[in-house]
Each structure stands twice: as C-alpha cells, then as structure tokens.
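In this text, all values refer to a predicted model and were calculated from it rather than measured experimentally. Just so you know, ligand 1 is whichever comes first in the structure, and atom 1 is the first atom listed for that ligand. In what follows, residues are counted from 1 in the order of the sequence shown.
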Amino acid sequence: MLPRIPFNWPTLVGAEFEHVRTALSRGKLSGNGDFTRRCQALLEERTGAARALLTHSATGALEMAAILAGIEPGDEVIMPSFTFCSTANAVVLRGGVPVFVDIRPDTLNIDETAIEAAITPRTKAISVVHYAGVAAQMDAIMEIAERHGLAVMEDAAQALHASFRGKPLGSFGMAAAISFHETKNLISGEGGALLVNDPELALRAEIVWEKGTNRAQFARGEVARYTWVDIGSSFLPSEITAAFLLAQLEAGPEVTAQRLAAWERYHALLAPLEAAGRLARPRVPQECGHNGHIYFVLVPEAAQRDPALERLAALGVNAVMHYVPLHSSPAGLRYGRAAGPMTVTDELSARLIRLPLHPRLTPEEQARVVRALADVLGPG
Ligand SMILES: *Cc1c(COP(=O)(O)O)cnc(C)c1O
C-alpha cells in the first residue's frame, strides 16, 4: 500500500524559529511590536495598501472591514454564495444582510453581470472573493460600485501575491482581508491581515484594531492620553505570531513560485483527461495573475463527485470538495437571501474536487494523483 497523500501540509520556510527566538528574547510579546510592523511594511510594499494591519485571522479582518464600511442593521451586502462563511458572518454580525448572487463558470467568482439586478435601496457594499487566488472581474465591479455609490470589500483570504491586470489583489476595494491560516499559501497557524486602501480610513482602522482605543496614536506620541474613542475589538496577533509570519512573508515569492510550478504540473498532466471528456480543468482568464493556491477539477456529473472522493481516498489520495453554497446553508437561509438564480453555484460546487497541493507534494505524487483520477473517472 502506497503512503497516503494528504490534501494539505503547512508550509515551513526555515527561518520561523530564529525569528520567534528573537521575539522571545526581547521581552515584548503582545501585539504591534517590531515584528508586527515589519510584516505590515512588507504587506504595504507588496500590495500598495495605504495601511496593512495584522489580525488573528481573515475572519477578523473581514469583521473590521464591515465596521469600517459602516454596515448597519438592515444594510445589504452583495456577495457570492460560493465562499467561506466568514465573508457573510462579518456582515451579519453588524446586523446586515448578505445578498447572494451567482458565480462565473470559469473562475467561480462573483458573476459581475448579476450584481446590478441585486442592488436595492438598502445595498451598501459589494464583497468580492478571489477564489483560488484568481481575481474577480475588478474593472467591471469597481465601475458598478462607483456608479451606485457602493463600497467594495475584498475577501482576498486566498489571494496574496495574485493580481488582476498586473495590480495586486487586495488593492482594489476600500479594504481587503488576507488569511495566514495553515491551509493558505503563507501561514502563521492562525493569522491574517486587513489591507486598508482608503487612506482616510487608516486611522479609524487602527482604533478598531486596538479595542476601540487610540493606543497606536498614543504610542507614536500623537495624542496625550490613551483612551476609549470608538467601537473595536482585539484583532491584533501577538509578536510570536508576527515573528513566525515575517519568515513566511520574506520567503513569499519563492513559496508562490513553487506552488505555481506544482499547479502547472497538474494542469499539464490532466490535459489528456480533459481532452477525453472525463473532467474539466480550471480556466484562468488572461488578465488574472494567480498564485497557485488551489488546483481543482470539475467532474462531468454532480452524482459522480462523492463516490469519486471515496474511491480516491481508498487509493490513498486525500482529495476534497469545497464550499457548501451559503445560500442553501442553515445560517445562510436564516440571515441572507439569494438574488436571482444560483444555477452555476449549485452545479459547479457539486462537481468540484480539490487535489492535494502543498510544499511537500512531489512530482511523483502528483503523477500518482492523476493516475488515481484516471482510475476513478475512467481513462476515456
Ligand atoms: C480561509 C478563508 C477565510 C477565513 O480565513 P481565516 O484566516 O481562517 O479566518 C475567509 N474567506 C475565504 C475565501 C477563505 O478562503
């Protein structure tokens, strides 16, 4: 029996321990210290954000973005249904209503042509997701948002080091959320960042980040007293997490290149199965510079998917499905609503299989995954 190929294995780049040791030796372990600032400076440099703030998760960053966007009870936020629940939770926690629209069949991102029909007098914002690090159609989306006076938030949890027409993802909306969860390309166990692109929101973002206090300004000597000035929560990670993350961010370009190489290898190996009609490979539009975060395939019929996953598991390949669409989830039904048909979302989410993709995966293992897929789906 060949060893099992896990779906994920957390990326380690080597310098994490050294940075953590340095952090421990300094006797300053709470957040917003030197390692936090170095991570933030790197993120600002790479994305062009006016301000980057480390958070304990992308979930936390999305919650901050919803506060900064001024989402109030009854306000509607248009978003895809094919996403992680944190995109919607952030809105619901402010009393807002997620309004789900369908996705595009190529990128599985929000269908920009379905957005305008979902706009009502209560619509406040559009929340886009860049699935698999492949960009949503940001030209069209920003144009719609501008015409209707809506804020744009980017759930860029999977999208660090990816771009749309050469511009980094996370730099389009008023704010964006990045994740460093262990399943993402760059990690800190749990972790994330808020990118603030509207400079006028940067100061308030810091206040929300530090429990609603002006502590960051106080530390810079800009105000005389440290006090409670606004709503907020504890969104910042410790310096231990930031030290670990700095090593990852420093190695970011190499990690991304490695991931893209593995993605391209799957893509080449799977071409014959696609040509034989056994599955469909992902289609990445020309204008999207992706980061190799996910390699997925679509099986021809939804009914084939779950049996295929079971048979792959029996062959030692840990492949997995992805989101149960939010519009049909128990909480999605309670707190949100679908605007328009969800045909593409329902169909493609039921046909999708994500293949193992992580730094330990060897080319031989990738070939084994592809052989197992051919076994399970038939060679054609
Ligand atoms: C991973 C992910 C999140 C949540 O990230 P955390 O850092 O675990 O909170 C949110 N949205 C999307 C699209 C994700 O992929």
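In A58, the parts holding a heavy atom less than 4.0 Å from any atom of ligand 1 are both the side chain and the backbone.
Under a 4.0 Å heavy-atom criterion, Y323 is in contact with ligand 1. Within the structure, the closest approach of G60 to ligand 1 does not fall below 4.0 Å when heavy atoms are considered.
Which of H181, H293, H130 comes nearest to atom 8 (O) of ligand 1 through a heavy atom is settled by distance: it is H181. Among Q158, K184, E190, the residue whose heavy atom lies nearest to atom 2 (C) of ligand 1 is K184.
For the pair D155 and ligand 1, the shortest N or O to N or O distance falls below 3.5 Å. In terms of polar-atom proximity, defined here as any N/O pair under 3.5 Å, T87 makes no such contact with ligand 1.
Within 6.0 Å of OH in Y335 there are 12 or fewer heavy atoms belonging to other residues, nucleotides or ligands. No more than 12 heavy atoms of other residues, nucleotides or ligands lie within 6.0 Å of CZ in R215, so this atom counts as exposed by the packing criterion.
Ring pair H293/Y131: centre-to-centre distance not below 6.0 Å.
A side-chain N or O of E239 and one of T36 form a donor-acceptor pair less than 3.5 Å apart.
Ranking protein heavy atoms by distance to atom 9 (O) of ligand 1, first place goes to T59 OG1, 2.5 Å.
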